[in-house]
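Scroll down for the structure; my scribbles are underneath it.
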Amino acid sequence: MSLARGSAVVLVWVVLLAGCEPWGKPAAPQKEIAEDFQTLFRENCSGCHGEDGRGGPGRILNDGLYLAFIPKASLRKVIEEGRKGTAMPAWARSEGGPLTEEQISVLVDGMEKNWAKKVNLRGAALPAYEAGAVTGDEMRGNKLYLRDCFACHAKGGIAGPLTEPAYLALTTKQNLRTSIVVGRPDLGMPDYRVLNRGRPLSEQDIADLVTYLMGKAASK
Ligand code: HEC
Ligand code: HEC
């Protein structure tokens, strides 16, 4: 008898002797899902957004500038609905996700209570979370990209190249806009207040950059 079959037989005996019924019967009652912010965040979000909301592969959330930038209603909406076509899933039960309305409130309130802080905008205007009426200019965006981003985002640079269609296919305009405004202070990317050669990027600059990058996503 092979070793594998031998251990399978032993396993069946152990199961029978222990009186378990591995098939057919419902398992033990479902563990109550934790209601405190730290646990909810750790169990559902930190895999992508980092331990304590920083340093993960996905966007930094534990950041004063980010929480000043995103209105509470938008924060709630993106958690409830997720972002279609990206790795960000929908969390609300009404959207097919696992969390109750109450648990989402704990997350939203917890992020604001624990992570929001007063930020010094150093005289720069805080851009609106969602892009407004400004129309982006792709050519100008290309120039700004080479001037303000390329030093870090070139192939082989300290950060990943952003003009790769494979990267752009999995992200959204809003995520690009958010990244340009907020940066990645946990990973060494500066924010909009200084990205224009030490000075703030304007609404027009941000729109141009996003339009340029999204154009790369479309062109195969
Ligand atoms: C001083 C270096 C530096 C500069 C300048 C810089 N970045 Fe970054 N950027 C980074 C690093 C580091 C990361 C995080 C690692 C990564 O995603 O590759 C990052 C990440 C990003 C991300 C992904 C963020 C996320 O969390 O999903 C976007 C989008 C981005 N940068 C856009 C830009 C744009 C547009 C510019 C120019 C306006 C720019 N960056 C300028 C260093 C830089
Ligand atoms: C499997 C990975 C993954 C998990 C788990 C995840 N996220 Fe995300 N999240 C993402 C990605 C990727 C994005 C960027 C989506 C895009 O490109 O627009 C994102 C975006 C977001 C944004 C919006 C960022 C912006 O543009 O302003 C918020 C807020 C957010 N996530 C919160 C959460 C919370 C809270 C949880 C836990 C309940 C969570 N995420 C779990 C991957 C994830």
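Remember, it's 1-based here, ligands and their atoms both numbered in the order they're listed. For the single chain, residues carry numbers from 1 onward in sequence order.
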Ligand-side contact atoms (ligand 1) for residue partner Asn175, heavy atom cut-off under 4.0 Å: 27 (O)
Backbone or side-chain N or O of Thr86 under 3.5 Å from ligand 2 N or O: no
Sequence neighbours excluded, every pair satisfying side chain to side chain donor-acceptor pair (under 3.5 Å) that has a member inside residues 106-123: Lys72-Asp109
Subset of ligand 2 atoms that lie under 4.0 Å from at least one heavy atom of Tyr66: 23 (C), 24 (C), 25 (C), 27 (O), 29 (C)
Atoms in ligand 1 with a heavy atom of Leu176 nearer than 4.0 Å: 29 (C)
Thr178 vs Ile70 side-chain heavy atoms within contact, under 4.5 Å: no
Those atoms of ligand 2 less than 4.0 Å from some heavy atom in Leu75: 29 (C)
Glu130 bridged to Arg177 by N-O distance under 4.0 Å: no
Where ligand 1 meets Tyr167 - atom numbers and elements under 4.0 angstrom, heavy-atom basis: 23 (C), 29 (C)
Main-chain N/O of Val194 paired with Arg199 side-chain donor or acceptor, under 3.5 Å: no
Residue and atom name of the nearest protein heavy atom (relative to atom 5 (C) of ligand 2), distance in Å to one decimal: Asn44 O, 3.3 Å
Side chain to side chain contact (heavy atoms under 4.5 Å, CB included) assessment of Val181 paired with Tyr129: CA-CA 9 Å; Val181 172; Tyr129 180 67; over 6 Å; no
Test side chain to side chain contact (heavy atoms under 4.5 Å, CB included) applied to Leu176 and Leu168, step by step: CA-CA 9 Å; Leu176 293 173; Leu168 292 165; 4.1 Å; yes
Polar side chain donor-acceptor pair, Ser179 to Arg184, under 3.5 angstrom: no
Verdict with supporting geometry, Asn175 and Thr86, side chain to side chain contact (heavy atoms under 4.5 Å, CB included): CA-CA 10 Å; Asn175 191 51; Thr86 78; over 6 Å; no
Thr178: numbered ligand 2 atoms lying under 4.0 Å from its heavy atoms: 25 (C), 26 (O), 27 (O)
Atom 8 (Fe) of ligand 1: protein N, O or S atoms [distance under 2.8 Å]: His153 NE2, Met189 SD
Check: Arg76/Ser105 side-chain N/O donor and acceptor closer than 3.5 Å: yes
Top protein contact for atom 25 (C) of ligand 2, by heavy-atom distance: Tyr129 OH, 3.3 Å
Protein N, O or S within less than 2.8 Å of atom 8 (Fe) of ligand 2, waters excluded: His49 NE2, Met88 SD
Close-contact set for ligand 1 against Asp148 heavy atoms, below 4.0 Å: 5 (C), 37 (C), 41 (C)
Thr211 side chain vs Ala207 backbone, donor-acceptor pair below 3.5 Å: yes
Backbone N/O of Ile79 and side chain of Glu95: donor-acceptor pair under 3.5 Å: no
N-O pairing of Arg54 and Asp52 below 4.0 Å: no
Leu107 neighbourhood, listing ligand 2 atoms whose heavy-atom distance to it stays under 4.0 Å: 38 (C)
Numbered atoms and elements of ligand 1 in range of Leu195, under 4.0 angstrom, heavy atoms: 5 (C), 38 (C), 41 (C)
Trp91 N/O under 3.5 Å from ligand 2 N/O: no
Pairwise side-chain contact, Glu80 with Glu101, heavy-atom cut-off 4.5 Å (strictly under): yes
Residue pair Asp208 / Gln204, side-chain donor-acceptor N/O under 3.5 Å: yes
Pairing residues for Trp91 by the ring-ring contact (aromatic ring centres under 6.0 Å, His included) criterion, not counting sequence neighbours: none
Any protein heavy atom nearer than 4.0 Å to atom 17 (O) of ligand 1: no
